[in-house]
*Asks:* 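Could you have a look at this structure, given as structure tokens, before my questions?
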Amino acid sequence: MAMKMKTTILVLAALLLLQVCSYQADSRSLQEESMIVRHEQWMAQHGRSYKDIEEKAKRFSIFKNNVEYIDAVNNAGTRTYKLGVNKFADLTNEEFRATSNGYKQAPFPRSCKATFMYENVSAIPSSMDWRSKGAVTPIKDQGQCGCCWAFSTVAATEGINQISTGKLVSLSEQELVDCDTSGEDQGCEGGLMDDAFNFIVRNHGLTTESNYPYQGVDATCNKKKSSNGAVTITGCEDVPENSESGLLKAVANQPISVAIDASGQDFQFYSSGVFTGSCGTGLDHGVTAVGYGTADDGTKYWLVKNSWGTSWGENGYIRMQRDVSAKEGLCGIAMEASYPTAN
Ligand SMILES: *[C@@H]1O[C@H](CO)[C@@H](O)[C@H](O)[C@H]1NC(C)=O
């Protein structure tokens, strides 16, 4: 009797175990299936197709890893920002870094003037948004060309031009990509905003986006279009390095080109909120600080215009934590800031 009971219990236990196992297997394959569906939906949404089944399998596996990371971060709810399954979701972080940035190592000394015209500025508003002042063009998209430096240069130039003339004119990144071979500037292979500002001065201006539209690839310089300098600048200055208070004085007065370390996975998938890292100070991306403010929870931020289209971040923008303890600023934002000057 006792023996029989034991056997029954054992059998029951075994059955239960089997059930648990098969339930786990079911839920695993369900998860896998829903991931496949998510990948298909994401592909349709982003117009993505792959050349063969091997490529698709490889991309699916990267997508799955990324989505699991994004879901885990968002579900943990421990960060002040959210991540999103955006257009970079089927790229490894290495692939993302290779194609989406393009800021090079700056020489020392840097190539804009070291004088700082905003040095003695004392009236600094508590918040600023150059978009609402009409000094910022819509978000652009550099695509798979490492010419962030051209987009950052153009955004800062569009800004100072609107501030000094009252006219917002969208300007040509492609002209910089094709025609500016000065200093470190090498089209889709990277460059520096400082060199590009100096090119604009020597070239007697930069032409418009509509006259010399963006192609997203290296092309031959169209000298005729490039000689049509629609907007001129008088020079450029470097914001004193490693000073967020200096950067604040500058951004209070005009949109400012800044270099940042955008190489992290959280930056790749940033979707909303105030970004607090993690990131280092290996500057690899040029963007534009177009304002600053304080979030509802009291966190101070820089408002930064990126060049990865409107589907990334907050409609193409990122709010990055301001006044951090490191003098370099978050992701090195205060290390190599600069701006064009105008009459
Ligand atoms: C700021 O003030 C100091 C002291 O008055 C002066 O020497 C300096 O030239 C001023 N800087 C600018 C950019 O006006």
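Counting starts at 1 for both ligands and their atoms, following the listed order. By convention here, the first residue in the shown sequence is residue 1.
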*Asks:* Taking NZ, NE, NH1 and NH2 as the nitrogens, is one of them in D141 or K87 under 4.0 Å from a carboxylate oxygen of the other?
*Replies:*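 Answer for the salt bridge query: yes.
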*Asks:* Give a yes/no on whether the SG-to-SG distance for C279 versus C331 is below 2.5 Å.
*Replies:* yes
*Asks:* Tell me the side-chain hydrogen bond (donor to acceptor under 3.5 Å, both in side chains) pairs involving residues 331-343, sequence neighbours left out?
*Replies:* Y103-E336, D194-S338, T234-T341, E237-Y339
*Asks:* Is the positively charged end of R319 above the ring of Y301, judged by distance under 6.0 angstrom from the centroid and angle within 45° of the axis?
*Replies:*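 Because its charged atom sits under 6.0 Å from the ring centre and within 45° of the axis, R319 does stack over Y301.
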*Asks:* Using a 3.5 Å cut-off on N/O to N/O, what pairs does ligand 1 make with the protein? A line per pair would be great.
*Replies:*
unit_1	atom_1	unit_2	atom_2	d
ligand 1	2 (O)	N120	OD1	3.2
ligand 1	2 (O)	N120	ND2	2.3
ligand 1	11 (N)	E119	OE1	3.1
ligand 1	11 (N)	N120	ND2	2.9

*Asks:* For the residue pair R131 and Y317, would you count it as a cation-pi contact if the rule is NZ or CZ under 6.0 angstrom from the ring centre and within 45 degrees of the ring axis?
*Replies:* yes
*Asks:* Angle between ring planes, W42 versus H39, binned at 30° and 60°: parallel, tilted or perpendicular?
*Replies:* parallel
